[in-house]
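Since the structure comes first, as structure tokens, the remarks are kept for the end.
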Amino acid sequence: MSDAPAPRLVITDALGRRIVPIDKPLFTIGRRSETDLRLTGADISRVHAEIAAENGGYVIRDKQSRFGHGDQIRLGQAGDTEIVFFVDGEAPSVERSAISAATELRQMAALLEGLRALGSGRVLDEVLALVLDSAIDVTGAERGFIMLANREKKLEFKLARARGKVTLSGRTFETSRKIPETVFATGQQTIVEDLLDGDFAAQHTGTVALGIRHVLCTPLRLVRYVERVEQKVAEELIGVLYLDSRERGALRSASAQSALETLSAEAALAIENARLYREALDKAKFEQELKVAAAIQQSLLPPPNRDGAFFSTSAASIACRAVGGDFFDYADLPTDQFGFIVGDVAGKGSPAALLAAAVLGMFSAEATYHSSASQLITRLNHGLFRRAIESRFLTTFYGMLGPDGSLTYCNAGHNAPLLVSRSGIRRLETGGVVLGLFDQATFDEETVKLEPGDLVVAFSDGVTEALNPAGDEFTDDRLIASVTKHRAATPQAAVEALLADVRTFCEDATQSDDVTILLVRYDGPKG
């Protein structure tokens, strides 16, 4: 085995100079993290070149030019990356502080993967801390902070650090917002060599009072590429990186400033990846919570199908989101009547679902204590006002069916259910206003007589107002036609058929409201 030193490259770029050994037969150079020598810059390709050991020498592809001792190549449109090839002898010594910091940031992808594997919810905080610590090490600054743009493109303070990896609170880190906001607005790095010079002292009195003299602030610019063509397609400013020091001229070093520009580009990508990951975590958590909420809401509803001594019933409720504001429930009353309620809370989603759950709770507590439908509806209305709930409006229909076929009902602003009998179809409209509108509202009730086989079809407006792709509504007329067509079926079969007719009409249009149908059939005394 030969004891000759391995060939090596001396790279000079914006980060300074560094030595990289060529320790494999095929050595790749480019912007990709998987390459053996990773270089930054918009004009460096993902795989820019490769060095191969051939016939006792080395060849760089794709130009097929052969290296010799001390040969040089330049990469990039401006030629600002220089690589010198050495086989023997000593290569020049290099400064490693800026390189070490840059390497840490270029390894950010691996760090993110590790944090993701741990399920860390603090991934963004970890990345911001690493970025600030690296920037402070590279420039020799005393302290620094990062501000990121929110959805309204306004800068928000995120994290401040001092030498020694010390976190500073936002209240103790006092500085003027003028410099970072100017840098964010212009996209140009700003260097102030001495805040006591010229007009700076008057503009930044709070910062000067702390003894701060030198400021360096650079934009965090996210650059996106089309990977196949290696072309930069978009730039976006996501925030600023601010550094300062009490020593005049401490941040003047050209190499430190160049290194910071490169670090800030790496940092912008790492921060954006971390922010996207945290948003994904939050979204996944929210979606899981919605699944649990949907399961809880379904558990609050009674079993949809039920047969009693003189009736049979079926219901279905389909929320347009994970949870919805429609509800239904049944109650066995001490008068031997069968009570049923259907309702529709104003609004959609979680707020409507919470109010629907509250009303179901009130209904369960009150139903067995009232011998009339209007009394129960009045109690529900008072209950909404007693709880001082905002946006508490809802429509509801409550019916009490007796063994003799008498149906006493009260309609509080709800879509009038259909009473389907041999003599035709009529609406059940008697009642009053929407619940939650007036504390002292009064409600009426009506009693009608059902014959065996008669149906009560209660529904929410999500049924009749369901839209097809052309924007047409399902309408009451289509509902009546569907009910008439399926009236001879069992309640469960009829409900399923009604829902199928609505789906067929809507085709692939997105459901825009909660859909609920409750069907009660009076069978007459059995046996």
Query - Residue pair Phe363 / Thr396, side-chain heavy-atom distance below 4.5 Å - result: no

Report summary line: Closest heavy-atom pair, Gly144 versus Leu132, reported as atoms and distance to 0.1 Å, is C-CD2, 3.7 Å

Report task. Kindly indicate whether the side chain of Leu220, heavy atoms from C-beta on, has any atom under 4.5 Å from the side chain of Leu148. Result -> yes

Requested in this report: Identify whether the distance between the nearest side-chain nitrogen and carboxylate oxygen of Lys158 and Glu156 falls below 4.0 Å.
Outcome: yes

**Report entry** Closest contact, heavy atoms only, Pro219 versus Gly187
**Finding:** CG-O, 3.4 Å

Query raised in the report: Which value, rounded to the nearest 0.5 Å, describes the distance between Glu236 atom CD and Lys153 atom NZ?
Result: 4.0 Å

Query raised in the report: By salt bridge (Lys or Arg N to Asp or Glu O under 4.0 Å), which residues pair with Glu465, not counting sequence neighbours?
Result: none

Report summary line: Here the pair of heavy atoms bringing Leu518 nearest to Ile341 is CD1-O, 3.9 Å

Query raised in the report: Can you name the closest pair of heavy atoms from Pro302 and Phe328 and give their distance?
Result: CD-O, 3.4 Å

Query raised in the report: How long is the span from the CZ atom in Phe327 to the CG atom in Leu355, to the nearest 0.5 Å?
Result: 8.0 Å

**Report entry** Audit row: Asn468, Glu507, side chain to side chain contact (heavy atoms under 4.5 Å, CB included) steps and yes/no
**Finding:** CA-CA 6 Å; Asn468 66 9; Glu507 298 178 4; 5.6 Å; no

Report task. Measure the spacing between CZ of Arg143 and CZ of Arg161 and express it to the nearest 0.5 Å. Result -> 15.0 Å

**Report entry** Step-by-step side chain to side chain contact (heavy atoms under 4.5 Å, CB included) determination, Asp513 to Val463
**Finding:** CA-CA 8 Å; Asp513 199 359; Val463 176; over 6 Å; no

Query raised in the report: Ala346 and Ala352: which non-hydrogen atoms are nearest, and at how many Å?
Result: O-CB, 4.2 Å

Query raised in the report: Tell me, do Ile51 and Leu9 make a side-chain contact under 4.5 Å, heavy atoms counted?
Result: yes

**Report entry** Heavy-atom closest pair, residues Ile179 and Cys217
**Finding:** CG2-CB, 3.8 Å

Query raised in the report: Taking side chain as C-beta onward, heavy atoms only, is Thr395 less than 4.5 Å from Asp461?
Result: no

Query raised in the report: Less than 4.5 Å apart, any side-chain heavy atom of Leu130 and any of Glu126?
Result: no

Query - Ser460 and Asp344: side chain donor to acceptor below 3.5 Å - result: no

Report task. Examine the side chains of Thr28 and Glu50 and answer whether a donor and an acceptor come within less than 3.5 Å of each other. Result -> no

Query raised in the report: Taking C-beta and beyond as the side chain, do Phe393 and Leu384 meet within less than 4.5 Å on heavy atoms?
Result: no

Query - From Leu216 atom CG to Leu243 atom CG, the distance as rounded to the nearest 0.5 Å - result: 6.0 Å

Query - Pairwise side-chain contact, Leu159 with Asp125, heavy-atom cut-off 4.5 Å (strictly under) - result: no

**Report entry** Mutual orientation of the aromatic rings belonging to Phe505 and Phe474 [parallel < 30°, tilted 30-60°, perpendicular > 60°]
**Finding:** perpendicular

Query raised in the report: Where the side chain of Asp514 meets the backbone of Gly325, is there a donor-acceptor pair that is under 3.5 Å apart?
Result: yes

Query raised in the report: Got Asp326 and Ile318 here, is their nearest side-chain heavy-atom distance under 4.5 Å?
Result: no

Query raised in the report: Out of curiosity, Thr190 OG1 to Phe184 CZ, how far, rounded to the nearest 0.5 Å?
Result: 14.0 Å

